[in-house]
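See below for the structure under consideration.
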Amino acid sequence: MKKRQFLKFRLLLPVIGILGGLFCTVGCGTSQNTVETGNLIRSDAPKHNSDYITVGFIQTGKESDWRDANTNDYWDTFTTENGYNLIYVDGNSDSNRQVKAAYDLIAQKVDYLIIDPIVEDGWDDVLTLAQQENIPVIISDRGVNANPSLYECWIGSDFKTEGINAAKWLYSYLEKNGREKENLNIVILEGTAGASAAIGRTEGLLEEISKHSNWNILTSQCANFTQGEGTNVMKQILTDYPHEDIDVVISENDNMMFGAMKAMEQAGMRYGVDTDVITISFDALYEAFELMQEGKLMVSVECNPLIAGLSHQVIQDLEAGKTVDSVYYVEESVFTYENAAEYISDRKY
Ligand code: AHR
């Protein structure tokens, strides 16, 4: 994974992972900016001071550059200057750890809980408890499979539409090049099983792909949204299938695509514009724009990680006694090798 400038010092604190799993209360002797028992605490705001809103934020982990941008956005928004005491929990890509953290933060009587869930299932009981304890919950990024009355709102991307947009771009590209009647073999690298980002994108892709009888899914495999697994899974695919059979590679995030590109390069394959392999991914990271400019990546459907501002707004509205919407979608676009140069200087992640 390429580390970019936004990866700030606080994400590099190595003790977070080492001490993972041992959740305890915030009140057990923290000093300023300390990390204890797996929770990273912005402790420069006085505790139990009603001038500050204590927010427990449970993140999925660090599986992608998108995730780092999302985490940094929360740190930059939920500051003491904005009136918050933020408690950050790294889920370490472990959904049980995330649920345990939610119980822990409820026990600490935080004012709000924000959860970026790894997977949709398994949240009912802890959300019910949060409601009983009058702790409002905001679900951020991926969704949960629970009764919406258990949380205030969900803020994130329309993952299914992202999948539809990716497949629609493929058709428009083929049509533009007089290739729409060609038989195509498609390889899909899926995100984490049970994660709404993977579920929605796969659903959207399959819905559109099924409309084209000349499009065939050669294989569709999970690579967990990580670059390393993108390389390993693609390496295996290149062992299992003749290289010349692969016409399109769709990766459900940029990092898995970066990994898959490494595997294709190692196998001596060419991909992207003016080759036999069309490359499509999701997120629209800065590095994806660089690859689109080089013609190696042909399209990246944007998934916007900058959600914290909306979460902040929702909390401010709730504090003011206002009613909030149950769903907020973030704005997103589709970027291609043809327009990447025009937009790269505006990219924030
Ligand atoms: O839930 C959003 C997805 O999770 C992003 O596409 C991916 O990069 C991240 O890890």
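Computed over heavy atoms, backbone and side chain alike; hydrogens, waters and symmetry mates excluded. Ligands are counted one by one from 1 in listed order, and the atoms in each one are counted from 1 as well.
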Legend entry - Option passing side-chain contact (heavy atoms from CB on, under 4.5 Å) with Ile186 (candidates Ile278, Ile250, Leu218):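 With Ile186 as partner, Ile278, Ile250, Leu218 yield a single side-chain contact (heavy atoms from CB on, under 4.5 Å), made by Ile250.
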Check ligand 1 against the protein and report each N/O to N/O distance under 3.5 Å, formatted as atom name, atom name, distance.
unit_1   : atom_1 : unit_2 : atom_2 : d
ligand 1 : 1 (O)  : Arg67  : NH2    : 3.4
ligand 1 : 1 (O)  : Asp141 : OD1    : 2.9
ligand 1 : 1 (O)  : Asp141 : OD2    : 3.0
ligand 1 : 1 (O)  : Arg142 : NE     : 2.9
ligand 1 : 4 (O)  : Arg67  : NH2    : 3.1
ligand 1 : 4 (O)  : Arg142 : NH2    : 2.9
ligand 1 : 6 (O)  : Arg201 : NH1    : 2.9
ligand 1 : 6 (O)  : Arg201 : NH2    : 3.2
ligand 1 : 6 (O)  : Asp283 : OD1    : 2.6
ligand 1 : 8 (O)  : Ser64  : OG     : 3.2
ligand 1 : 8 (O)  : Asn253 : ND2    : 2.9
ligand 1 : 8 (O)  : Asp283 : OD2    : 2.6
ligand 1 : 10 (O) : Glu63  : OE2    : 2.5
ligand 1 : 10 (O) : Ser64  : OG     : 2.9

Legend entry - Residues forming a side-chain hydrogen bond (donor to acceptor under 3.5 Å, both in side chains) with Thr226, sequence neighbours excluded: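 None.
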Inset, instruction - Sequence neighbours left out, what passes side-chain hydrogen bond (donor to acceptor under 3.5 Å, both in side chains) with Ser281? Give chain and number order. - result: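 Scan of Ser281 (side-chain hydrogen bond (donor to acceptor under 3.5 Å, both in side chains), adjacent residues dropped) gives Asp254.
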Inset, instruction - Using the six-membered ring of Phe335, assess whether NZ or CZ of Arg347 lies under 6.0 Å from its centre and within 45 degrees of the ring axis. - result: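 The answer is yes; both the distance and angle limits are met.
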Inset, instruction - Assess the pair Phe289 and Tyr343: is the distance between their ring centroids shorter than 6.0 Å? - result: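 Judged by ring-centre distance (under 6.0 Å), Phe289 and Tyr343 do not meet the cut-off.
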Inset, instruction - Using the test salt bridge (charged side-chain N to carboxylate O under 4.0 Å, His left out), find all partners of Lys109 that sit at least two apart in sequence or belong to another chain. - result: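 In terms of salt bridge (charged side-chain N to carboxylate O under 4.0 Å, His left out), with neighbours along the sequence ignored, Lys109 is linked to Glu133.
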